Amino acid sequence: MSSMTPGPAARGTMKQAKILIADDEAAITTGLSAILEDAGYAVDVVADGQRALDALSAERYGVVLADLKMPKLDGLALLRELQQRAIPTECIIITGQATVDSAVQAMQQGAYDYIEKPLNAEKLNRLKALIPKALDKYQVQQKNRELASKLEGLTHYGELTGQSESMRSVYQVIDAVAPSTASVLILGESGTGKELVARALHTKSDRAKGPFFALNCAALPKEILENELFGHEKGAFTGSTNEKPGAFEMSSGGTIFLDEMAEMAPDIQVKLLRAIETRQVRRLGGKKEINVDIRILAATNKNLQKAIADGELREDLYYRLAVVEIDLPPLRERAQDIQLLANEFLARFAQQNSKSITGFDDAAWDWLMSYHWPGNVRELKNAVERAVIMSRGSTIGPNDIIPRHLRSGGDMPAALTIPVGATAAEARQQLVLRTFASTSGDAGRTGKVLGLSEQEVRTEMLALLEGGSDGSSSKDANGTQPGTTPAGKAAKRSEPAPARAAGKKSTVKKGR
């Protein structure tokens, strides 16, 4: 038999992952274990499938070399047990020529690969190439498992707060991409925390000791934005009495974060693209190129495909910035985080304002959990801060937390219940109608509560009014009088309520 020399992958993984050989032929196990040990791998040997399963249950092995035909538990049965028990390992099947079809079946069921007997020099060379790749796959999956375990139940990640599945997915992407130098494009509605994601990416990168420079591209006029990005030389324009470095120079060795990057003028986008490609900038009025060592992070709340189609965003710039995309979910799509965020904001602002407030009462929780939060986390934060300031008791009540313009009279609106069986169109109409009533007929505020545009609200109301004075259209798509449907009856019994989202049931249980 030929010897095996460990490649780079083997040398990097052999200290962390052992190999298990499961075969009842002593000649094969003796020869294989000697070759693998000579190559630097730690190897254990068992003579049947049941002992292999016991060993894999008790200790971690990166790879198991399992004979397809062996006593007590054959290779296929062993593979099924490993999957059912979620035992992490990569399985390479050893098979005779007569059972190749079964080996292919094993691969379809999750085996890494298979090797045919007899194990001659050619087959051993193939095994030599397979094992390091299988160990690499095991190590990657092991890191992912460890990360998933670490993130399970995690409530804070850097300055980000949330324990919902969608936020844990965001944490996982940040953890994976932060050590790289790849440009990242952060997408999400206003108020979802895009800058916090950018800061987390910087903090967890090798550039953490370097500067973090954030620039809001929508907040500055074109001329000022260009100056802020690239700087200027003395005398470059009227009033420029001194030279000034731009954001690219000041963030060299660190990270630059371009918020609302889709708002840039097209000619600035051209200069930005060149700076990203060459890692060089030229100040306004300057003649020399200045080398910069930066990582680019960008964010926007725009529909990028529409912006590209409308000519507002260069497609080549988009591809340069969006090597990795992180999509932040709106608060309404991670409702289970509302309680966590609200309690955290309450503790923070109560301490800042020297107030002894213990929590929110039930009516306040009802509103917090049913409101649509079009302004996302930023709006929730502001609402809790205002409630803490205005509260005169030991708990936050509905009159403290609900903004005045969302109140109907002096009472908190009751929840609108959409019964099972109502169509999405009926539910949407009733939500719009009742919310419109709760805002005293203000279409703009109704749209803000429901996450609709003012025009969409007016269109819905027009459709209702055209159908009859009672607010129901004459007939729905099935020819039924909407006023007689369960949704229509329920709406007549219900008081107005701010809804979490159009087309959804708005009664939400408190998650305390």
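No experiment lies behind these values; they were computed from the predicted model shown.
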Side-chain (Thr30) to main-chain (Ala27) donor-acceptor, under 3.5 angstrom: no
Counterpart residues, side-chain contact (heavy atoms from CB on, under 4.5 Å), relative to Leu340 (two or more places apart): Thr155, Thr161, Gln163
Expected output: side-chain Lys194 to main-chain Glu189 donor-acceptor under 3.5 Å: yes
Point-to-point distance, once rounded to the nearest 0.5 Å, from CZ of Phe360 to CG of Asp366: 13.0 Å
Main-chain N/O of Ala218 paired to Asn216 side chain as donor or acceptor, under 3.5 Å: yes
Heavy-atom donor-acceptor pair, Arg332 side chain to Pro374 backbone, under 3.5 Å: no
Pairs flagged by salt bridge (charged side-chain N to carboxylate O under 4.0 Å, His left out) wherever residues 176-186 is involved - sequence neighbours left out: none
Partners passing side-chain hydrogen bond (donor to acceptor under 3.5 Å, both in side chains) against Gln280 (at least two apart in sequence or in another chain): Asn291
With sequence neighbours excluded, residues passing side-chain contact (heavy atoms from CB on, under 4.5 Å) with Arg274: Thr278, Glu289
Ring geometry between Tyr371 and Trp367 (parallel below 30°, tilted from 30 to 60°, perpendicular above 60°): parallel
Gln351 atom CD, neighbour heavy-atom count above 12 within 6.0 Å: no
Leu73 side chain near Asp48 side chain, heavy-atom distance below 4.5 Å: no
Electrostatic pair Asp113-Arg126, nearest N-O below 4.0 angstrom: yes
Ile28 and Ile21, any side-chain heavy atoms less than 4.5 Å apart: no
Donor-acceptor pair, side chain of Trp373 and main chain of Leu368, under 3.5 angstrom: yes
Side chain to side chain donor-acceptor pair (under 3.5 Å) partners of residues 305-314, not counting sequence neighbours, each pair once: Lys302-Glu312, Lys306-Asp310, Arg314-Asp316
From CD (Gln269) to CG (Leu313), nearest 0.5 Å: 5.0 Å
Summary of ring-ring contact (aromatic ring centres under 6.0 Å, His included) pairs that have at least one residue in residues 65-84, sequence neighbours excluded: none
Check: Gln339 main-chain N/O paired with Asn343 side-chain donor or acceptor under 3.5 Å: yes
Residue pair Arg320 / Ser183, side-chain donor-acceptor N/O under 3.5 Å: no
Candidate list Lys117, Glu116, Glu122, test side-chain contact (heavy atoms from CB on, under 4.5 Å), partner Asn120, passing option: Glu122
Listed partners of Ala214 passing side-chain contact (heavy atoms from CB on, under 4.5 Å), at least two apart: Glu195, Phe212, Phe257
CA sep, side-chain torsions, deciding dist, call: Glu165, Gln336, side chain to side chain contact (heavy atoms under 4.5 Å, CB included): CA-CA 9 Å; Glu165 184 63 34; Gln336 67 191 94; 5.6 Å; no
Heavy-atom pair with the smallest gap, counting every atom of Leu78 and Leu56: CD1-CD1, 4.4 Å
Sub-4.5 Å side-chain heavy-atom contact between Val384 and Ile396: no
For the student: nearest non-hydrogen atoms of Ala178 and Leu201, plus distance: CB-O, 3.8 Å
Distance in Å, Glu379 CD paired with Ser190 OG, rounded so as to fall on 0.5 Å steps: 10.5 Å
Under 3.5 Å: donor-acceptor pair, side chain of Asn376, backbone of Leu331: yes
Trace of the side chain to side chain contact (heavy atoms under 4.5 Å, CB included) decision for Arg295 with Val184: CA-CA 9 Å; Arg295 183 186 193 180; Val184 179; 3.9 Å; yes
Distance (rounded to the nearest 0.5 Å) between Leu53 CG and Arg51 CZ: 13.5 Å
Nearest-0.5 Å distance, CD1 of residue Ile338 to CH2 of residue Trp365: 9.0 Å
Residue list, ring-ring contact (aromatic ring centres under 6.0 Å, His included) with Tyr61, at least two apart or on another chain: none
Glu333 side chain vs Pro330 backbone, donor-acceptor pair below 3.5 Å: no
Student check: side-chain heavy atoms of Ile87 and Ser57 closer than 4.5 Å: yes
Side chain proximity check, Leu185 to Met261, heavy atoms < 4.5 angstrom: yes
For Leu297 against Ala198, the heavy-atom pair lying closest together: CD1-O, 3.5 Å
Beyond-backbone contact of Pro88 with Tyr138, side-chain heavy atoms, under 4.5 angstrom: yes
No-hydrogen, no-angle side-chain donor-acceptor test under 3.5 Å, Asp337 and Ser164: yes
Worked verdict on Phe248 versus Leu272 for side chain to side chain contact (heavy atoms under 4.5 Å, CB included): CA-CA 10 Å; Phe248 274 83; Leu272 175 62; 3.3 Å; yes
Pro329 to Ser166 - nearest heavy-atom pair and separation: CG-OG, 3.6 Å
Straight-line distance of Ile268 CD1 to Phe230 CZ, nearest 0.5 Å: 7.5 Å
Side chain to side chain contact (heavy atoms under 4.5 Å, CB included) between Tyr41 and Ile35, worked out: CA-CA 9 Å; Tyr41 295 106; Ile35 292 170; over 6 Å; no
With sequence neighbours excluded, residues passing side-chain contact (heavy atoms from CB on, under 4.5 Å) with Pro245: Glu249, Met250, Arg283
NZ or CZ of Lys204 within 45° of Tyr157 ring axis and under 6.0 Å: yes
Side chain proximity check, Asp23 to Leu32, heavy atoms < 4.5 angstrom: no
Pairwise side chain to side chain donor-acceptor pair (under 3.5 Å) hits with a residue in residues 250-261, at least two apart: His202-Thr255
Partners meeting side-chain hydrogen bond (donor to acceptor under 3.5 Å, both in side chains) with Gln50 (sequence neighbours left out): Asp54
Counterpart residues, side-chain hydrogen bond (donor to acceptor under 3.5 Å, both in side chains), relative to Arg80 (two or more places apart): none
Atom of Leu380, atom of Ala342 and distance for their closest heavy-atom approach: CD2-N, 4.2 Å
Minimum side-chain heavy-atom gap Met264-Leu258 below 4.5 Å: yes
Ile92, Thr89, Ile93 screened by side-chain contact (heavy atoms from CB on, under 4.5 Å) with Val64, the one that passes: Thr89
